[in-house]
K.L.:
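Dropping the structure in here first, questions after.
No hydrogens, no waters, no symmetry mates; every other heavy atom, side chains included, goes into these values. Counting convention: from 1, in listed order, for ligands and their atoms alike.
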Amino acid sequence: MVRETWGSRVGFVAASIGSAVGLGNIWMFPMRAGLYGGAAFLVPYLVLLFTVGVVGLTVEWTLGRSTKGGPIEAFAKALPGGKYLGILVNIIMIMIFAFYSLVLGWILRYFIATLTGELTKANPGAFFDALAFSKEALLWQFIVIAITIGIVAMGVQKGIERANKIMMPALFVLLIMLTIRSITLPNAYEGLKFYLLPDWSKMMSGKTWMIALSQMFFSLSVLGTTMVVYGSYLKESDDIPLSAIATAFGDTAVAVTAGFLIFPAVFSFGVEPTAGPGLVFVTLPMVFQKMPGGILFGMLFFLLLIFAGLSSTVSMLEVYVDSAITKLNMSRKNASVLLGLATFIVGAPSALSPSYFDWIANISTVYIGPLGALIAALALIRLGIEKAHEELRKGALIEVPEAWKPWVKYLYPIVIIVIYISQFVLG
Ligand code: PHE
């Protein structure tokens, strides 16, 4: 069977930015920046982005392109027991999609509630409590999975690439419009102060660097899964280094801008910013109720989140749909439907039980997820770093420095191991 490929370079970069830009950027990044030193958080984040993040993208895309396969194929070619490691990261991807689809389901419900005017009348805290872990949430989670199945079933070019080429430009336009509105509100300055006022002392703490690192890996979708598969659809004429820079830049620009959108609005209306899910689901709806034109602002904000989220969920489902197509000889349509439904079965309990939600989210993103990036790097190293460097240079406009080789062989895995261990040690 002939492996599918991207239709164009622009389509590939749109899909990669689409995968990277997600809920991680819009509600996790700004909150963490606010908590871990404001503008000072940008220093570790950007340093790590350019030293490890961009390198991580080149590692996974090169591995995918050179082995022409997803993680099962790629790890099996390189490592003893690699097939099972590949299966493991596929399972991790199912778990991530399982809880992510619940959160995106809440967002879908909020979008509808802004349209119908329900959110204008409701108490946002009570609205969220009634929705979050309920039978109704199950329905919205199912709708998110169904839409994702629909896009993935249409294929790499006609489904994923086309959807991203529509959603990504729309996302950027929405983001810019909403941000301009937010920073021109009265007292916007207070929000900017909260978000950006640098606390240089936080920059000196190891914890801040660890948070910046794990945030960055999750945000770039570098977990040995999606980016390996997306890389396997590349042609030799495609430019990996430039695409890595573009994706890292696009992802970070959205994350940083999201803070400019959220905090000025929150502070302008004197609402207390809260951490975690509360920020998007409770604080911001309160802001929309007070703000002139808040209904429209809220509607567009949730639409922005829907585009960001769906372009990420398609990149999750694609990982194991591709495995089923190549390893089990399933048709793309059957694989998308069956595996989408299987994800719903794994995810459904998270809609009913907060402790299951926490468990599945932590196992997949904190405890096992980062190891996927490490396995991908080890696989590439085992296949031969010289060969990998050659592969990376194919189609590349810019010269890839020789230092890339020792960087990938030593620095990159060491950094991952250090983050992995210290997040448990530092708590
Ligand atoms: N990068 C996505 C986000 O920030 C999440 C994601 C992780 C997507 C891993 C695909 C693979 O929301």
Side-chain angles (χ1 to χ4, degrees), residues 13-33 45 49 53 56-57 60-61 64 70-71 88-107 144-145 148 151-152 160 163-164 167-168 171 175 211-232 244 247-259 276-277 280 304-323 343 360-376:
V13 174
S16 295
I17 296 182
S19 170
V21 170
L23 307 181
N25 302 58
I26 300 176
W27 63 264
M28 257 153 80
F29 180 89
M31 203 61 233
R32 286 188 159 162
Y45 194 88
L49 181 79
L57 288 169
E60 301 202 351
W61 286 339
L88 175 74
V89 298
N90 272 269
I91 294 173
I92 293 305
M93 202 75 275
I94 298 179
M95 292 169 83
I96 293 182
F97 186 19
F99 78 84
Y100 202 94
S101 58
L102 178 68
V103 181
L104 194 53
W106 296 338
I107 289 166
V144 166
I145 294 178
T148 308
I151 298 174
V152 171
I160 299 175
N164 274 293
M167 287 195 284
M168 283 305 107
L171 180 143
L175 183 68
I211 297 279
L213 251 168
S214 48
Q215 167 72 27
M216 187 196 70
F217 272 120
F218 185 78
S219 188
L220 288 179
S221 308
V222 171
L223 297 174
T225 49
T226 287
M227 292 310 187
V228 179
V229 176
Y230 275 19
S232 71
T247 301
F249 179 81
D251 185 62
T252 308
V254 172
V256 173
T257 309
V280 162
L304 168 79
L305 277 167
I306 291 171
F307 289 154
L310 280 177
S311 54
S312 296
T313 57
V314 296
S315 79
M316 297 173 189
L317 181 59
E318 178 63 17
V319 173
Y320 43 104
V321 162
D322 171 62
S323 300
T343 311
I360 200 165
N362 282 332
I363 294 273
S364 59
T365 59
V366 182
Y367 294 102
I368 312 183
L371 297 178
L374 180 64
I375 301 169

K.L.:
I'd like to know if the side chain of S315 and the backbone of T226 have a donor-acceptor N/O pair within less than 3.5 Å.
P.N.:
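No; judged by distance alone, with no hydrogens or angles, the pair does not exist.
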K.L.:
At what distance, to the nearest 0.5 angstrom, does OG of S364 lie from CZ of F97?
P.N.:
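These two atoms lie 13.0 Å from each other.
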K.L.:
To the nearest 0.5 Å, what is the distance between CD1 (I368) and CD1 (I375)?
P.N.:
9.5 Å
K.L.:
Going by the order shown, which atoms of ligand 1 are within less than 4.0 Å of some heavy atom of N25?
P.N.:
4 (O)
K.L.:
Give yes if a backbone or side-chain nitrogen or oxygen of G24 is under 3.5 Å from a nitrogen or oxygen of ligand 1, and no if not.
P.N.:
yes
K.L.:
Between L305 and L104, which heavy-atom pair has the shortest distance, and what is it?
P.N.:
O-CD1, 3.9 Å
K.L.:
Which residue and non-hydrogen atom of the protein lie closest to atom 2 (C) of ligand 1, and at what distance in Å?
P.N.:
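Result for atom 2 (C) of ligand 1: S19 O, 3.4 Å.
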K.L.:
Below 4.0 Å, non-hydrogen atoms only: which portion of A308 touches ligand 1? Side chain, backbone, both or neither.
P.N.:
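Neither part.
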K.L.:
Between ligand 1 and M93, can you find any atom pair, the residue atom being a heavy atom, that is separated by under 4.0 Å?
P.N.:
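Checking ligand 1 against M93, which is what was asked, there is a heavy-atom contact under 4.0 Å.
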K.L.:
Answer with side chain, backbone, both or neither: which part of Y100 has a heavy atom less than 4.0 angstrom from an atom of ligand 1?
P.N.:
side chain
K.L.:
Parallel, tilted or perpendicular, judged at 30° and 60°: which one describes the rings of F218 and Y100?
P.N.:
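Ring orientation, 0 to 90° scale: tilted.
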K.L.:
Any chance the side chains of Y230 and S221 put a donor and an acceptor closer than 3.5 Å?
P.N.:
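No, S221 and Y230 have no side-chain donor paired with an acceptor closer than 3.5 Å.
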K.L.:
Once rounded to the nearest 0.5 Å, what's the spacing between atom CD1 of I360 and atom OG1 of T365?
P.N.:
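The CD1 atom of I360 sits 10.5 Å away from the OG1 atom of T365.
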K.L.:
Using a 4.0 Å heavy-atom threshold (strictly under), name the region of M28 that reaches ligand 1: side chain, backbone, both or neither.
P.N.:
neither
K.L.:
Using a 4.0 Å cutoff against the non-hydrogen atoms of L23, which atoms of ligand 1 qualify?
P.N.:
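The list of qualifying atoms is 12 (O).
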K.L.:
Using a 4.0 Å heavy-atom cut-off, which part of I96 comes near ligand 1: side chain, backbone, both, or neither?
P.N.:
neither
K.L.:
Taking 4.0 Å as the limit for heavy-atom contacts, which would you say applies to A20 with ligand 1: side chain only, backbone only, both, or neither?
P.N.:
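The part of A20 near ligand 1 is the backbone, not the side chain.
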K.L.:
Determine whether a donor-acceptor pair (N or O, by modelled atom type, separation under 3.5 Å) exists between the side chain of N25 and the backbone of S219.
P.N.:
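No; zero donor-acceptor contacts below 3.5 Å.
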K.L.:
Are any of the N/O atoms in M316 less than 3.5 Å from those in ligand 1?
P.N.:
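No, M316 has no N/O under 3.5 Å of an N/O on ligand 1.
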K.L.:
State whether the shortest distance between N or O atoms of S221 and N or O atoms of ligand 1 falls below 3.5 angstrom.
P.N.:
yes
K.L.:
Out of curiosity, I107 CD1 to L304 CG, how far, rounded to the nearest 0.5 Å?
P.N.:
9.5 Å
K.L.:
If only atom types and distance count, is the side chain of T247 paired as donor or acceptor with the main-chain N or O of S16 below 3.5 Å?
P.N.:
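No.
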K.L.:
Geometry only, no angles: is L220 polar-contacting ligand 1 at N/O separations under 3.5 Å?
P.N.:
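Among all N and O atoms of L220, none is under 3.5 Å from an N or O of ligand 1.
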K.L.:
Is any side-chain heavy atom of N90 closer than 4.5 Å to a side-chain heavy atom of V319?
P.N.:
yes
K.L.:
Enumerate the atoms of ligand 1 whose separation from the nearest heavy atom of L223 is less than 4.0 angstrom.
P.N.:
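Once the distances to L223 are compared, the set is 9 (C).
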K.L.:
Just which atoms of ligand 1 are under 4.0 Å from any heavy atom in S315?
P.N.:
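In order of number, 10 (C).
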K.L.:
With heavy-atom distances below 4.0 Å as the criterion, list the atoms of ligand 1 near S219.
P.N.:
1 (N), 4 (O)
K.L.:
Among protein heavy atoms, which sits nearest to atom 7 (C) of ligand 1, and what does the distance come to when rounded to 0.1 Å?
P.N.:
F218 O, 3.7 Å
K.L.:
Considering both backbone and side-chain atoms of T226, is one of its nitrogen or oxygen atoms within less than 3.5 Å of a nitrogen or oxygen in ligand 1?
P.N.:
no
